[in-house]
Protein chains: 2
Amino acid sequence: MDIEIRSGCPINLTMEVLGDRWSLVIIRDIMFGNRRHFRELLTQSEEGIASNILAARLKRLMSYGLITKLDDPSHSQKAIYSLTEASIQLVPMFAMIGAWGRRFLPVSEDLSIRAELLEEGGPPLWDEFMADLRRIHIEDPIGGANGTVKSPVLARLTAAFLEVRAKMDAAAG
Amino acid sequence: MDIEIRSGCPINLTMEVLGDRWSLVIIRDIMFGNRRHFRELLTQSEEGIASNILAARLKRLMSYGLITKLDDPSHSQKAIYSLTEASIQLVPMFAMIGAWGRRFLPVSEDLSIRAELLEEGGPPLWDEFMADLRRIHIEDPIGGANGTVKSPVLARLTAAFLEVRAKMDAAAG
DNA sequence: CCATCTGATTGCATATTGAAACTAGTTGAG
DNA sequence: CTCAACTAGTTTCAATATGCAATCAGATGG
């Protein structure tokens, strides 16, 4: 699982590592959905990734140091996937990707509220979020996975998302 | 050439449009290298894209409204490829991608100086650069392609790149 | 008039992707 | 203890994408 390194350009290298259909989507689910198990990533994903692709991407992301894998003490067969410092520092990039997508692509209201808040919050919010992520992924990945350690920023983003979704459900049905 | 839309999430949609090995690399060459012809994109690229892939990607990017194609009056068979407002607004994303790549991937000194300057310059520089790009891609694509209309920001970035490269050449040879 | 340059296209081998079925082991309820 | 449900994947196979080399037809330049 190695980069080919067609050139040392930062943009090219980033594309060699993250330039595919699924890598950033998986990191997004771990980061913003706090999905830490294979099953959660597989079935609770909006986009319906195939299990073989998910397995391959997780392996690949591990080999690049973007996620780590840890045995879940509560279930000997469960693994906990966590972000690393490298993937936590993708937060500003996600903010820009979300901002651009909201502006130029046909996003849905509920799924874009988090991107909107992240854009509005700017660097101060990103820093706060990254600090949270360090706690639930690096300092205490087990507590972060089982919910005993939480991210206030994530809680706010999730609450906003659920609120919009509830409003949409009420309007629709 | 349509998106499948597996979900309305801004990050997912952006990956459906730009999440592949080559799209952003091609836009990078048009944006930072001011390569406006097929041949330039094909042969002056650091990474050596295949001609069929380049043709397919240009067509795809056009269908998404990220580039436009224009007949070159100086040569009836030449086409000029230009950025659109949507791709010009990728500048902040490129800045973040470059910054992340510089921090976590084995970039080369010469090819990362532009990313460094773009990161240091921050939003004021990005805005200035985007204003330049609007002039040489939207307002006067022909003048922008043949060099009669120039981007001061691009000139600074290119000068810095050439300076670093000259220094490296001197040290090596 | 002919070599060269233009933006591509075509063929073909290989690599990647995607969906569904399947594996092998674990856990929890009865 | 037993069995259904759940765990993280792997296997299989068809479809698609990629990469490389060769090719093409229409300008252009000498």
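The chains referred to below are lettered A, B, ... by the order of the sequence lines, with proteins before strands, and numbering in each begins at 1.
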Nearest-nucleotide 5' precedence on DNA chain C, B:K78 against A:A50: B:K78
Closest listed nucleotide, where the reference is the side chain of B:R39 and the choices are C:dT6, C:dT9, D:dC20: C:dT6
Expressed in angstrom and rounded to an integer, what is the separation of [X] atom [atom1] from [N] atom [atom2]?
X: A:I26; N: C:dG18; atom1: CD1; atom2: P; result: 10 Å
X: B:Q44; N: C:dC5; atom1: CD; atom2: P; result: 14 Å
X: B:H37; N: C:dC5; atom1: NE2; atom2: P; result: 15 Å
X: B:E40; N: C:dC5; atom1: CD; atom2: C1'; result: 13 Å
X: B:D71; N: C:dT6; atom1: CG; atom2: P; result: 16 Å
X: A:I49; N: C:dG18; atom1: CD1; atom2: P; result: 8 Å
X: B:I30; N: C:dG7; atom1: CD1; atom2: P; result: 12 Å
X: B:L42; N: D:dA21; atom1: CG; atom2: C1'; result: 13 Å

Could you go through nucleotides 23-26 of chain C and list every protein N or O atom that sits under 3.5 Å from one of its N or O atoms, giving the distance for each pair?
{"residue": "C:dG25", "atom": "N2", "partner": "A:Q77", "partner atom": "OE1", "Å": "2.9"}
{"residue": "C:dG25", "atom": "N3", "partner": "A:Q77", "partner atom": "OE1", "Å": "3.2"}
{"residue": "C:dT26", "atom": "O4'", "partner": "A:Q77", "partner atom": "OE1", "Å": "3.0"}
{"residue": "C:dT26", "atom": "O3'", "partner": "A:S76", "partner atom": "OG", "Å": "3.0"}

Nearest-0.5 Å distance, OG of residue A:S151 to CE of residue A:M130: 12.5 Å
Touch class at under 4.0 angstrom, heavy-atom based, for B:A79 against every strand present: sugar-phosphate
Are any of the side-chain nitrogens in [X] or [Y] under 4.0 Å away from the carboxylate oxygens of its partner?
X: B:R156; Y: B:E128; answer: yes
X: A:E119; Y: A:R102; answer: yes
X: A:E46; Y: B:R6; answer: no

Path from A:L66 to A:L41 over hydrophobic side-chain contacts below 4.5 Å: yes
Interface polar pairs with nucleotides 16-18 of chain D, N/O, under 3.5 angstrom:
{"residue": "D:dT18", "atom": "OP1", "partner": "B:R57", "partner atom": "NH2", "Å": "2.7"}
{"residue": "D:dT18", "atom": "OP2", "partner": "B:R57", "partner atom": "NH2", "Å": "2.7"}

Whether over 12 other heavy atoms sit under 6.0 Å from B:D71 CG: no
B:S87 side chain vs B:T84 backbone, donor-acceptor pair below 3.5 Å: yes
For the student: nearest non-hydrogen atoms of B:F94 and B:M31, plus distance: CD1-SD, 3.7 Å
Passing option when B:V107 is tested against A:C9, A:P10, A:S7 for side-chain contact (heavy atoms from CB on, under 4.5 Å): A:P10
